[in-house]
Amino acid sequence: MASEREDFSLSGPLHLTCINWTNADHRRSVAACLVQGVYIVERDRHEKREDSQALAPPWWEFFHFKLLRPLVDDADLSIFGAIYEYKPPTSHFNDSIEHSPRYVIAFRGTLTKGDSVSRDFELDVHLIRNGLPRTSRFEIGMQAVRNMVAAVGDSNVWLAGHSLGAAMAMLAGKTVAKTGIFLESFLFNPPFLSAPIERIKDKRVKHGIRIAGSVITAGLALAVKAKNQNQRNVSGDPFAALSAWLPCLFVNPADHICSEYVGYFEHRKKMEEIGAGHIEKLATQHSLGGLLMSAVGKGSEAAEPFHLIPSANLTVNQTPTEDFKNAHGIHQWWRPDLDLQSKLYRYR
């Protein structure tokens with residue numbers, strides 16, 4: 001039996017009858033609904049809901065999008081993503097239409113029911129081990145992004161994803177950003193692989209731990225760089241090429257999976273204020289675990305974690321949340337009554 005949250009008529013943003021594409025709340029809500037559409041189209045497949053019984057189409061059709069094609073995992077044939085095309089009627093043309101996407105590539109996160117559970121959890125393990133780039137699911141998604149950008153141009157393509165799907169969208173965005181292509185990206189509850197320092201209530205203790213971590217990480221980064229200085233393609237500042245990419249990150253402080261992004265960006269700012277910006281500039285590009293693996297010869301690829309990015313437009317949902325399930329859910333991001341705080345962080 002379908003849950004209420006799968007039914008757009010019961011839980012979708014029915015108030016958004018006319019989209020203003022310059023309105024940040026409208027853009028966020030539509031992107032989140034398109035990601036929800038991917039979740040529901042996979043649920044439809046699993047439950048064998050077809051035609052009039054299918055619950056997924058209203059999640060994109062309400063906003064005048066068309067499902068161009070689903071993205072299918074080659075391992076279990078589950079639907080993990082979708083390519084949508086925006087096809088508004090002429091009656092919906094307004095001054096903001098030039099700010100709309102022509103295509104949106106969206107990725108869902110982990111499902112806890114259905115055929116795809118084991119495959120999704122397998123991908124979660126790859127994510128934790130920083131091995132997502134080497135999975136066939138990511139390769140399929142990445143190829144879809146490359147093909148769409150090549151066909152219609154980067155200014156016409158948006159990326160969107162939630163949880164595991166946000167990690168895929170972030171990695172795809174980073175990959176093309178290295179070539180000078182900066183895609184509009186909406187990343188909901190993106191995983192940040194770190195100890196949950198942000199959950200520490202004492203600000204002085206929290207700040208002290210972050211400073212110590214930065215010093216240790218920067219020191220290890222210098223040591224690894226010195227060790228590898230004779231190797232080819234050693235970059236002085238890998239973040240410099242990515243700094244112009246400004247993905248929109250949406251996090252909830254009650255969600256330990258993504259809440260570390262709050263501290264990640266705020267700590268960088270505080271380190272600059274106390275005159276230690278040069279230390280944090282190096283530390284912010286590396287994870288301690290990845291550096292330790294590189295130092296002991298377990299693979300240099302671990303030194304560039306997917307979740308670390310130089311710049312972002314970070315939106316934090318300060319609305320009180322009942323539990324972790326609600327704090328991590330995609331459904332929170334189209335609610336009209338959110339207490340949101342947004343801040344732009346630019347890497348310099």
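All figures in this text were calculated on a predicted structure; none of them were measured in a lab.
A perpendicular orientation is assigned to the rings of Y261 and Y264, their planes being inclined by more than 60° (bins at 30° and 60°). Note: F250 and F188 have parallel aromatic rings, judged against thresholds of 30 and 60 degrees for the angle between ring planes.
Of the possible polar contacts, none joining the S311 side chain to the A244 backbone as a donor-acceptor pair under 3.5 Å is found. A donor-acceptor pair is defined here as one N or O able to donate and one able to accept, closer than 3.5 Å; no such pair exists between the side chain of N156 and the backbone of A151. Between the side chain of S29 and the backbone N or O of H26, no donor-acceptor pair lies under 3.5 Å. Under a 3.5 Å cut-off, the side chain of K174 and the backbone N or O of W245 do not form any donor-acceptor pair.
In the model, N317 has no side-chain atom that pairs as donor or acceptor with a side-chain atom of W333 under 3.5 Å.
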If you look only at distance, which donor and acceptor atoms sit under 3.5 Å apart when one is on a side chain in residues 74-81 and the other is two or more places apart or in another chain?
{"from": "D74", "atom 1": "OD1", "to": "S136", "atom 2": "OG", "distance (Å)": "2.7"}
{"from": "D76", "atom 1": "OD1", "to": "S78", "atom 2": "N", "distance (Å)": "3.0"}
{"from": "D76", "atom 1": "OD1", "to": "S78", "atom 2": "OG", "distance (Å)": "2.8"}
{"from": "D76", "atom 1": "OD2", "to": "S78", "atom 2": "OG", "distance (Å)": "3.2"}

Sequence neighbours excluded and cut-off under 3.5 Å, please list the side-chain donor-acceptor pairs for residues 32-39, or say none.
{"from": "Q36", "atom 1": "NE2", "to": "R5", "atom 2": "O", "distance (Å)": "3.0"}
{"from": "Y39", "atom 1": "OH", "to": "G109", "atom 2": "N", "distance (Å)": "2.9"}
{"from": "Y39", "atom 1": "OH", "to": "H162", "atom 2": "ND1", "distance (Å)": "2.6"}

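The distance from atom CG of L246 to atom CG of L183, rounded to the nearest 0.5 Å, is 12.5 Å. Put simply, CD1 on I40 and CD on E47 are 10.5 Å apart, with the number rounded to the nearest 0.5 Å. Atom CG of L55 and atom CZ of F8 lie 12.5 Å apart (nearest 0.5 Å).
Contact record, N252 with C258: N-SG, 3.6 Å, taken as the closest heavy-atom pair.
Looking at F65, Y86, Y103, Y84 one by one, the single match for ring pair (Phe, Tyr, Trp, His ring centres under 6.0 Å) with W60 turns out to be Y84.
Comment: R137 engages D120 in a salt bridge, judged by a side-chain N to carboxylate O separation of less than 4.0 angstrom.
Qualifying ring pair (Phe, Tyr, Trp, His ring centres under 6.0 Å) partners for F186, counting only residues two or more places apart in sequence or in other chains: W158.
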